[in-house]
Amino acid sequence: MMVVVLGSGQLAQMTYLAGVPLGIQVVAVDPVNNTVVHPVEKNILSLSVSDAFNQAAAITAEFEHLPAALLTQAHATGKLHPSAEAIQTGGDRLKEKHLLDVLGINNCAYVPIFTVDELDSAFASIGPELIIKTSKDGYDGYGQFRVNDAESLASVKTELAQHDFKRNPLIAEQKSKFDREVSLVGARNGQGEIVCYPLAENLHFQGQLRVSLAPAPRVSDSVQQQAEIAFKALAEKLDYRGILAIEFFQVGDTLLVNEIAPRVHNSGHWTQQGTDFSQFENHLRAVVDLPLGRSHTSSVTTMINLIGCEKTIALQVADLGGHLHWYGKDVRAKRKVGHVNFTANSVEDSIQQLKAVEALGHANMFPLIDKVIADLSA
Ligand code: ATP
Ligand code: MG
């Protein structure tokens with residue numbers, strides 16, 4: 001059985017690896033060259049995109065900013081899961097916000113922005129603190145501008161003077177004074193069966209995810225339930241098949257949706273070691289319509305992203321008892337090149353693992369570790 005992943009990065013690679021024990025052969029489409037490649041070796045396979053689509057049991061995607069023609073071609077086969085509509089919704093903040101509003105799911109107040117001057121009225125109505133985001137193509141905090149006061153508003157307006165609002169409108173979002181960020185990863189298959197993982201707590205540095213802790217500490221039943229209710233509403237409305245990730249801001253005991261991702265997600269990588277069935281396996285199960293695996297968790301998992309990190313340092317971290325997932329990419333500043341999952345039997349053991357990472361002394365490579373230790377110790 002073959003599954004085609006649109007996109008040929010690390011998410012396709014890890015989906016491939018999850019497919020091996022299931023006897024599912026995963027191939028990837030490089031959307032830049034429109035070639036079919038091996039998801040690990042990246043060599044071009046002697047298979048055209050249309051032949052791969054013909055042979056596939058299912059087609060899925062590892063990211064939402066895909067060329068329209070490729071998405072249309074995949075959609076036409078009737079095998080694309082999640083659907084083109086779900087992928088496009090996740091790739092367009094205006095569509096996403098509209099869907100959240102239609103479903104009555106809490107999210108940050110926002111104003112759609114189609115001209116630079118509309119920023120003034122947004123500032124007056126929901127300011128002064130705003131996060132301005134492009135509706136399309138943003139990731140890892142790219143495509144974002146911060147406004148705090150009239151002065152920063154003026155400089156953001158100057159910066160955006162040449163912006164192509166027609167191609168890529170913006171949203172002005174009210175800044176949330178959240179207590180923390182958490183995310184829910186869950187799967188839904190063609191039978192409507194749903195499996196959600198426990199919430200993970202996510203720590204960001206300069207717009208990029210650095211550490212996920214799962215299960216997130218101090219999650220009340222009501223908070224987990226709010227997240228699962230939002231998941232069910234979104235997944236059912238989109239007739240969703242596959243893994244769907246939802247990022248939330250937690251304010252007191254209330255969750256606000258930040259954004260959704262119609263795919264396997266970085267904040268779900270902890271499931272590779274922290275659960276019986278990883279997000280990658282459950283994604284494959286969902287798209288080929290197998291029963292979903294349970295999301296049982298018996299350990300505490302810390303996922304540390306390796307960003308711009310040389311492999312020698314990655315190995316030092318993994319040698320402390322973590323599982324290394326190296327993506328095989330060239331190392332560049334700000335580039336995610338791998339992650340390490342540490343599992344522990346108790347929060348105390350997690351703290352000891354993090355202290356050992358801290359003691360390696362690569363503080364610039366691993367910001368926030370002290371914050372995570374403090375968080376776990378609270
Ligand atoms: P990614 O794709 O890596 O998840 P992104 O570029 O799509 O990120 P967001 O998730 O919207 O963008 O924002 C990145 C981070 O910026 C958030 O995780 C959060 O830390 C901060 N942020 C975004 N929107 C807001 C907001 N309205 N209030 C406060 N902080 C925010
Ligand atoms: Mg995000």
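Residue numbers start at 1 and run along the sequence shown. Atoms within a ligand are numbered from 1 in the order they appear, just like the ligands themselves.
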Straight-line distance of Glu85 CD to His75 NE2, nearest 0.5 Å:
9.5 Å
Enter the distance from Leu292:CG to Glu281:CD here, rounded to the nearest 0.5 Å.
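Result: 10.0 Å between the selected atoms.
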Give the residue, atom name and distance (to 0.1 Å) of the protein heavy atom nearest [atom].
atom	value
atom 6 (O) of ligand 1	Gly141 N, 2.6 Å
atom 31 (C) of ligand 1	Phe249 CZ, 3.6 Å
atom 3 (O) of ligand 1	Asp140 N, 2.9 Å
atom 17 (C) of ligand 1	Glu181 OE1, 3.3 Å

Spell out, as yes or no, whether a donor-acceptor pair under 3.5 Å connects the side chain of Asn148 to the backbone of Arg146.
no
Pairs of nitrogen or oxygen atoms closer than 3.5 Å, one from Gln144 and one from ligand 1: do any exist?
yes
For atom 21 (C) of ligand 1, which candidate among Arg180, Arg146, Lys133, Glu129 provides the closest heavy atom?
Arg146
Checking side-chain polar atoms at under 3.5 Å, does [X] have a donor or acceptor matched by the opposite partner on [Y]?
X	Y	result
Glu181	His204	yes
Gln10	His339	no
His325	Gln273	yes
His265	Ser183	no
Asn189	Glu193	yes

With atoms numbered from 1 as shown, which atoms in ligand 1 lie under 4.0 angstrom from a non-hydrogen atom of [X]?
X	value
Glu247	4 (O), 10 (O)
Ser176	26 (C), 27 (N), 28 (N), 29 (C)
Glu173	24 (N), 25 (C), 26 (C), 27 (N)
His204	18 (O)
Phe178	29 (C), 30 (N)

Is there at least one protein heavy-atom neighbour under 4.0 Å from atom 15 (C) of ligand 1?
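No, there is no protein heavy atom closer to it than 4.0 Å.
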Using heavy atoms and a threshold below 4.0 Å, how should the contact between Arg93 and ligand 1 be classified: side chain, backbone, both, or neither?
side chain
If we set the cut-off at 4.0 Å for heavy atoms, which region of Leu209 has an atom near ligand 1: side chain, backbone, both, or neither?
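For Leu209, no heavy atom sits under 4.0 Å from ligand 1.
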Does at least one non-hydrogen atom of [X] fall below 4.0 angstrom from an atom of ligand 1?
X	result
Glu64	no
Gln174	yes
Gln208	no

Any ion pair linking Lys42 and Asp30 (charged N to carboxylate O, less than 4.0 Å)?
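Between Lys42 and Asp30 there is no salt bridge, as every charged N stays at least 4.0 Å from the carboxylate O atoms.
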Are Glu173 and Lys97 within salt-bridge range, i.e. N to O under 4.0 Å?
yes
Tell me whether the rings of Phe366 and His362 are parallel (<30°), tilted (30 to 60°) or perpendicular (>60°).
perpendicular
Identity of the N, O or S atom of Glu259 lying closest to the Mg ion (ligand 2)
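Result for Glu259 and the Mg ion (ligand 2): OE2.
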Restricting to N, O or S, what is the name of the atom of Glu247 that lies nearest the Mg ion (ligand 2)?
OE1
Mind running side chain to side chain contact (heavy atoms under 4.5 Å, CB included) on Leu94 and His98 for me, showing each step along the way?
CA-CA 6 Å; Leu94 283 171; His98 178 72; over 6 Å; no
